[in-house]
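Below you'll find the structure, written out as structure tokens, and then a few comments.
In this text, all values refer to a predicted model and were calculated from it rather than measured experimentally. The chains referred to below are lettered A, B, ... by the order of the sequence lines, with proteins before strands, and numbering in each begins at 1.
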Amino acid sequence: MFNYESYLRLDKFPLIWCSGCGDGIVLKSMIRAIDKLGLSKDDVCMVSGIGCSSRLTGYVDFNTLHTTHGRALTFATGIKMAKPRLHVIVVTGDGDATAIGGNHYIHAARRNIDITVILFNNFIYGMTGGQVSPCTPKGKRASTAPYGNFENAFNISGLAQAAGASFVARATVYNAVQLEKLIQRAIERKGFSLVEVLSPCPTAYGRRNREGTPVDMILQQKETTVSVAAAEKMSAEELEGKIITGVLTDVERPECREEYQKLIDSFRKEG
Amino acid sequence: MAEETLRRKREAEITINTAWCKGCVICVELCPEQVLVMERGKAKVAHLDKCTVCGLCELRCPDFAIVVVDKNKSPKTGE
Ligand SMILES: Cc1ncc(C[n+]2csc(CCOP(=O)(O)OP(=O)(O)O)c2C)c(N)n1
Ligand code: SF4
Ligand code: SF4
Ligand code: SF4
């Protein structure tokens, strides 16, 4: 129904991800979103850190950069400052973005630099075998939390909202059509745009937390999420344990590279 | 006549790339019409006639391993 081939590095297939990993569903949604926007492949630059999700950049035929753990946003910031015409898209995991890269994450949002971040939240460090991440929900098991995680988890979307991002949305792989539309809007919106995608990790997270098969984990997303519109009509008690999906923030704010350009131009006029 | 063209029956063609299929069963279990089955760890078409070309299997296959087309729709104009 959709021909992905022209966007893929077919010689790198099959994908490295485990059977039933949600990351492939996100990858497909990203490609459809970029195709709908009609962007030229040469005008897209995809940057990732380290982790299962970050392996994505190896499979797509854009300008791509697979960087170091937690630092995708720093490379992306440099690229955007130097080549503002590029659509810079960062692919990162919850560990990559909010543990080792947490500082870069809040500052990129604060600067409101025109970068689109697709954050794969699987609640765990997938690649290294299931250690707790700052996003592991309280009570859930990880290799480093065999009796259940006793810490509070980050609300990563809330973090970006509070720091000053222009666009923040949350999506699931269950609703891959909505996911595609939200990615499309995130790329369109100037400024720091985040799409937090709940992407099941059956291997490192699901198995340990008895969440069942990949299908069970996908269907569970339908049960645990509520739309922004539905959430508005629910009480705090009703929202307990629910995850809100849809557009959480969409505002026009001064964008970092444009503000920098204004500064450059002001000197040019004087000189 | 226009009516007839619009209602032209959908005719599914499903291709499964067994080299890429990892047997996650997502397409099989989430197909609303039970068109697909598993055979030796890979997805397989069992009841092509029941397929409505809804595209849900393709949408949710993480491995680009299943492709559905409507043979009565040209790929360029197809949704
Ligand atoms: C500097 C550094 N520290 C630690 C690691 C080990 N490491 C690799 S991936 C990873 C975490 C991955 O988790 P996440 O970002 O959530 O991505 P996922 O694999 O779950 O998609 C860690 C700690 C590393 N590669 N580099
Ligand atoms: S370990 Fe988890 S996140 Fe990594 S490929 Fe496997 S299922 Fe996906
Ligand atoms: S297109 Fe729809 S009906 Fe046909 S096999 Fe796929 S999920 Fe089933
Ligand atoms: S969803 Fe894809 S990988 Fe999974 S069983 Fe079906 S064709 Fe194979």
Side-chain angles (χ1 to χ4, degrees), chain A residues 1-32 35-36 52-53 55-56 59-60 120 122 172-181 197 199-203 206 212-222, chain B residues 8-46 48 50-79:
Chain A
M1 294 190 116
F2 183 92
N3 193 348
Y4 296 91
E5 282 191 9
S6 64
Y7 291 97
L8 299 172
R9 294 180 185 153
L10 294 168
D11 57 319
K12 298 285 190 290
F13 275 63
L15 300 167
I16 194 176
W17 297 317
C18 306
S19 172
C21 173
D23 292 2
I25 307 175
V26 188
L27 165 58
K28 289 170 101 174
S29 304
M30 288 171 70
I31 292 174
R32 291 194 307 277
D35 186 83
K36 288 246 165 74
C52 295
S53 39
R55 293 293 295 258
L56 184 147
Y59 300 114
V60 287
F120 293 60
N122 57 10
T172 61
V173 299
Y174 170 79
N175 194 343
V177 173
Q178 182 197 38
L179 170 59
E180 169 194 327
K181 288 185 182 144
V197 194
S199 181
C201 165
T203 306
T213 64
V215 175
D216 293 333
M217 290 182 82
I218 291 174
L219 292 177
Q220 196 201 337
Q221 293 190 327
K222 192 182 161 206
Chain B
R8 192 168 49 182
K9 207 175 168 301
R10 288 180 167 194
E11 201 184 342
E13 185 175 61
I14 305 176
T15 315
I16 295 166
N17 181 342
T18 50
W20 291 358
C21 171
K22 294 187 188 133
C24 68
V25 201
I26 290 175
C27 59
V28 176
E29 288 197 24
L30 299 182
C31 165
E33 309 295 333
Q34 285 86 45
V35 171
L36 309 161
V37 292
M38 293 303 290
E39 193 182 84
R40 276 186 242 115
K42 306 279 178 182
K44 196 191 139 186
V45 182
L48 188 63
K50 289 205 264 170
C51 176
T52 59
V53 201
C54 70
L56 281 175
C57 53
E58 181 185 312
L59 187 74
R60 296 203 182 109
C61 168
D63 284 285
F64 299 76
I66 184 163
V67 176
V68 187
V69 292
D70 182 351
K71 285 206 278 185
N72 293 334
K73 232 183 198 177
S74 77
K76 285 240 155 59
T77 54
E79 276 276 88

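For the residue pair A:Gly20 and B:Ile26, the shortest heavy atom distance occurs at CA-CD1, 4.1 Å. Of all heavy-atom pairs spanning B:Gly23 and A:Ser19, the tightest one is C-OG, 3.9 Å. Between B:Pro62 and A:Cys21 the shortest heavy-atom distance is CB-O, 3.4 Å. Taking every heavy atom of both residues into account, A:Ile218 and B:Leu30 meet most closely at CG2-CD1, 4.3 Å.
Scanning for side chain to side chain donor-acceptor pair (under 3.5 Å) contacts around B:Lys42 gives an empty result, with sequence neighbours left out. In this structure, the salt bridge (Lys or Arg N to Asp or Glu O under 4.0 Å) partners of B:Lys22, at least two apart in sequence or on a different chain, are B:Asp63.
Neither the backbone nor the side chain of B:Cys21 comes within less than 4.5 Å of any heavy atom in chain A. Neither the backbone nor the side chain of B:Val28 comes within less than 4.5 Å of any heavy atom in chain A.
Heavy-atom neighbours of B:Lys50 NZ from other residues, nucleotides or ligands within 6.0 Å: above the threshold of 12. Counting non-hydrogen atoms of neighbouring residues, nucleotides and ligands closer than 6.0 angstrom, the CZ atom of A:Arg32 exceeds 12 such neighbours.
Of the possible donor and acceptor atoms, none in the side chain of B:Arg60 sits under 3.5 Å from a partner among the backbone N and O of A:Ile25. In terms of modelled atom types and a separation under 3.5 Å, the side chain of B:Glu29 and the main chain of A:Asp216 share no donor-acceptor contact.
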I'd like to know whether B:Phe64 forms a side-chain contact (heavy atoms from CB on, under 4.5 Å) with A:Leu15, so could you lay out the CA-CA distance, the side-chain angles of the two residues, the decisive distance to 0.1 Å, and finally the verdict. CA-CA 9 Å; B:Phe64 299 76; A:Leu15 300 167; 4.0 Å; yes
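Considering A:Trp17, A:Tyr4, A:Phe13 in turn, A:Phe13 is the only one that fulfils the ring-ring contact (aromatic ring centres under 6.0 Å, His included) rule with B:Trp20.
Note: B:Asp70 CG to A:Met1 CE = 7.0 Å, rounded to the nearest 0.5 Å.
In terms of non-hydrogen atom pairs under 4.5 Å with chain A, the most contact-rich of B:Leu56, B:Asn17, B:Val68 is B:Val68.
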